[in-house]
Number of protein chains: 2
Amino acid sequence: PHGAAVDAARDRQDRMTKPQGALGVLEDVSVQLAGLAGECPPPLPEPAAVAVFAADHGVHAQGVTPWPQEVTAQMVANFLAGGAVVNAFAAQVGAEVAVVDVGVAAELPTVPGLLPRKVRPGTADLTQGQAMTRAEAVAAVEIGIEVARDLVAAGNRCLITGDMGIANTTASAALIAAFTGVDPAVVTGRGTGIDDAMHAHKVEIVRTALERHRPDPADPVAVLAAVGGLEHAALAGFLLAASALRVPVILDGVIAGAAALVAAALHPDASVAWLAGHRSAEPGHAVALDALGLRPLVALDLRLGEGTGALLALPLVQSAARALAEVATFDSAGVTEK
Amino acid sequence: PHGAAVDAARDRQDRMTKPQGALGVLEDVSVQLAGLAGECPPPLPEPAAVAVFAADHGVHAQGVTPWPQEVTAQMVANFLAGGAVVNAFAAQVGAEVAVVDVGVAAELPTVPGLLPRKVRPGTADLTQGQAMTRAEAVAAVEIGIEVARDLVAAGNRCLITGDMGIANTTASAALIAAFTGVDPAVVTGRGTGIDDAMHAHKVEIVRTALERHRPDPADPVAVLAAVGGLEHAALAGFLLAASALRVPVILDGVIAGAAALVAAALHPDASVAWLAGHRSAEPGHAVALDALGLRPLVALDLRLGEGTGALLALPLVQSAARALAEVATFDSAGVTEK
């Protein structure tokens with residue numbers, strides 16, 4: 001039914017009361033959604049939920065960011081209090097926010113809205129050894145799968161990736177370099193904003209980690225264990241589950257892009273359900289999107305994470321689906337064709 | 001109060017719980033909204049309404065498009081029946097649709113939702129003489145002003161430009177060439193989709209019109225009367241009124257861009273209220289945006305008009321405003337700064 005739904009969506013786009021191709025990239029989005037659902041028109045991608053996977057990184061000890069590690073836990077509290085940008089954007093576009101502790105270093109209080117799924121209190125320092133064990137990486141992947149499954153079981157028809165973790169752009173750069181072969185100097189960015197000296201140090205940390213571990217992209221779980229983060233592992237599972245459940249998932253920035261490289265290496269067809277919500281200012285993100293073959297829907301130089309860029313794309317994806325479902329055809333509306 | 005509101009918005013962006021600058025272009029949007037309103041935070045730009053100004057073009061007789069002229073009236077009927085893409089997108093993002101007949105060639109029935117403001121039944125052929133008289137251009141500008149004023153009086157806190165008119169990309173190209181001095185071959189595009197031969201002919205029509213009229217950009221109403229459209233004139237008034245009322249207005253594609261050049265020539269400070277919703281596939285649009293100093297929020301190769309590209313940007317503008325109003329500061333949330 002998927003190929004037939006794709007054909008039906010392309011055919012309907014060509015009969016809708018507009019010039020052929022006039023909706024540009026959104027026509028492709030609507031066709032992707034139809035193919036994913038196996039029906040035309042596909043269900044509207046709403047309600048939607050963003051899952052913010054939070055975790056800490058042992059590489060923080062290497063001085064790759066000016067932010068103290070406790071900010072991860074403080075921002076989790078901010079998400080739960082509704083005070084972060086992800087909350088404001090989610091409220092504006094009508095998405096639910098779920099926060100998942102998959103590996104925050106601090107002990108977090110048991111509060112409503114926080115899913116306690118800590119695999120370990122932050123990864124180990126990837127310059128000194130493996131970031132985590134293979135079993136821990138698999139456990140985090142499984143947590144992401146479970147979160148996606150539960151959000152879909154609760155009625156969500158669109159998933160959105162979110163993330164929080166001080167130092168996670170360092171692990172992201174290592175993952176992107178490992179899977180694409182692009183040099184660390186190209187894929188390592190300034191994250192939340194660092195100076196030239198710290199950036200040069202960060203590049204060397206990524207290079208050192210890759211030289212130490214020489215991770216094999218043919219064994220994606222080994223790459224995760226060596227240089228990844230617990231939120232990367234969970235996001236990889238989240239992305240795989242969305243594809244298996246045939247529910248669209250909108251990817252946020254460079255953390256999601258790095259996780260998507262892991263997921264694509266685990267299952268080459270997984271990207272059928274993926275939409276790139278935006279392209280962040282982080283240079284490794286564009287490299288990851290190119291490797292994944294994904295075109296970002298928004299490009300406004302955001303570099304925040306949390307799911308904020310993907311939330312901005314949600315109304316665009318919903319509008320694409322709604323147009324395919326609701327717009328009249330030339331025949332039905334009595335409009336003359338050229 | 002406007003300068004103080006700008007300063008307050010920049011200061012608040014720097015204290016919000018995110019790295020400085022992490023919201024990219026949306027920080028600038030929020031600052032613009034604060035300056036426009038003269039207060040920080042500014043009111044959320046909702047509810048919003050898109051005004052679709054419809055008109056016909058005498059230059060249609062020169063064979064610049066394969067679409068018959070009656071499609072303008074048929075699409076107006078489609079808007080009123082809720083069957084067009086503008087209706088689907090407006091429904092998705094929660095905007096009202098108002099349709100204004102400012103110069104459709106056909107007589108239109110009196111129906112709810114259609115504002116009958118016909119100045120004349122389409123312009124005259126700009127290759128044979130003036131498209132309209134100076135008095136008609138002024139009358140259409142005043143209609144745009146009234147529509148904006150009425151929509152704001154009805155409670156709207158964000159305006160959106162829309163347009164419909166077969167052959168209106170030809171008049172847009174002539175306006176953009178007249179105001180920017182860029183060659184017709186650069187600013188004339190394929191509109192709804194035309195072949196090479198018709199495109200070359202369309203370029204020559206624009207060139208011929210400019211050589212015949214030699215419109216003086218220092219007299220914007222004269223330029224409108226010589227080579228513009230009635231919807232361009234109305235949109236210019238709509239854009240001027242939004243600025244005078246200090247209500248943000250999101251511009252759609254190349255038709256709005258051409259009208260904005262007219263409005264900017266009439267009042268150099270008018271752009272304070274303007275946001276470029278998107279950049280269309282039409283080459284003259286990028287030229288107009290550059291001349292206006294506007295950065296588009298969405299760029300997905302849309303080339304439909306109707307207000308569709310601007311509607312996609314509405315949630316982005318609203319999200320920018322909501323973040324400025326609702327996100328906690330480092331102090332208030334107890335998050336450690338770097």
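Within every chain, numbering begins at 1; the chains are lettered A, B, ... in the order of the sequence lines, protein sequences first and strands thereafter.
Of the atoms belonging to L314(B), not a single heavy atom falls under 4.5 Å from chain A. If you measure heavy-atom distances from P68(B) to chain A, the contacts under 4.5 Å come from the side chain alone. For N87(B), no part lies near chain A; criterion is any non-hydrogen pair under 4.5 Å. With a threshold of 4.5 angstrom between heavy atoms, A281(B) does not approach chain A through any atom at all.
You'll find the side chain of I160(B) stays beyond 4.5 Å of the side chain of D252(B), heavy atoms only. Using a 4.5 Å heavy-atom cutoff, the side chains of N156(A) and P47(A) are in contact.
Put simply, the side chain of H60(A) never gets that close to the backbone of A167(A): no donor and acceptor are under 3.5 Å apart. In this structure, S319(A) contributes its side chain and F89(B) its backbone to no donor-acceptor pair below 3.5 Å. Judged by distance alone, the side chain of H201(B) and the main-chain N or O of Q62(B) form a donor-acceptor pair under 3.5 Å. At distances below 3.5 Å, not a single donor-acceptor pair connects side-chain atoms of H285(B) with backbone N or O atoms of A256(B). For D163(A) (side chain) and F53(A) (main-chain N/O), no donor-acceptor pair under 3.5 Å exists by modelled atom type. The closest donor-acceptor contact from the side chain of E231(B) to the backbone of A54(B) lies at 3.5 Å or more, if one exists at all. When atom types are taken as modelled, the side chain of T161(B) and the backbone of L251(B) share no donor-acceptor pair closer than 3.5 angstrom. For the pair S332(A) (side chain) and A328(A) (backbone), a donor-acceptor distance under 3.5 Å is absent.
Annotation: maximal heavy-atom pairing with chain B below 4.5 Å, among E27(A), E326(A), M75(A), E70(A), occurs at M75(A). The most heavy-atom pairs under 4.5 Å with chain B, out of A91(A), G83(A), A81(A), A299(A), come from G83(A). Taking chain A as the reference chain and counting heavy-atom pairs below 4.5 Å, the highest number among V327(B), L300(B), L302(B) is found for L300(B). When D301(A), T308(A), T65(A), D28(A) are compared by the number of non-hydrogen pairs under 4.5 Å with chain B, D301(A) comes out ahead. Put simply, of E46(A), Q20(A), Q318(A), E306(A), the one with the most heavy-atom pairs under 4.5 Å next to chain B is Q318(A). Listed options L44(A), T329(A), L304(A) were ranked by heavy-atom pairs under 4.5 angstrom with chain B; first place goes to L304(A). Chosen from L311(B), I166(B), L297(B), V86(B), the residue pairing most often with chain A at heavy-atom distances under 4.5 Å is L297(B). Interface remark: of the candidates E337(B), R295(B), Q74(B), Q74(B) forms the most heavy-atom pairs closer than 4.5 Å to chain A. Counting heavy-atom pairs closer than 4.5 Å to chain A, the top-ranked of the candidates G94(B), A325(B), G21(B), A77(B) is G21(B).
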- [ ] Before giving the answer on side-chain contact (heavy atoms from CB on, under 4.5 Å), spell out for R279(A) and L289(A) the whole-Å C-alpha distance, their side-chain angles and the decisive distance to 0.1 Å.
- [x] CA-CA 8 Å; R279(A) 185 186 66 230; L289(A) 291 176; 4.1 Å; yes
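Contact residues of residues 10-19 of chain A toward chain B are T17(A), K18(A), P19(A) (heavy-atom distance under 4.5 Å).
Scanning all heavy atoms of the two residues, the minimum distance from P42(A) to L33(A) falls at CB-O, 3.5 Å.
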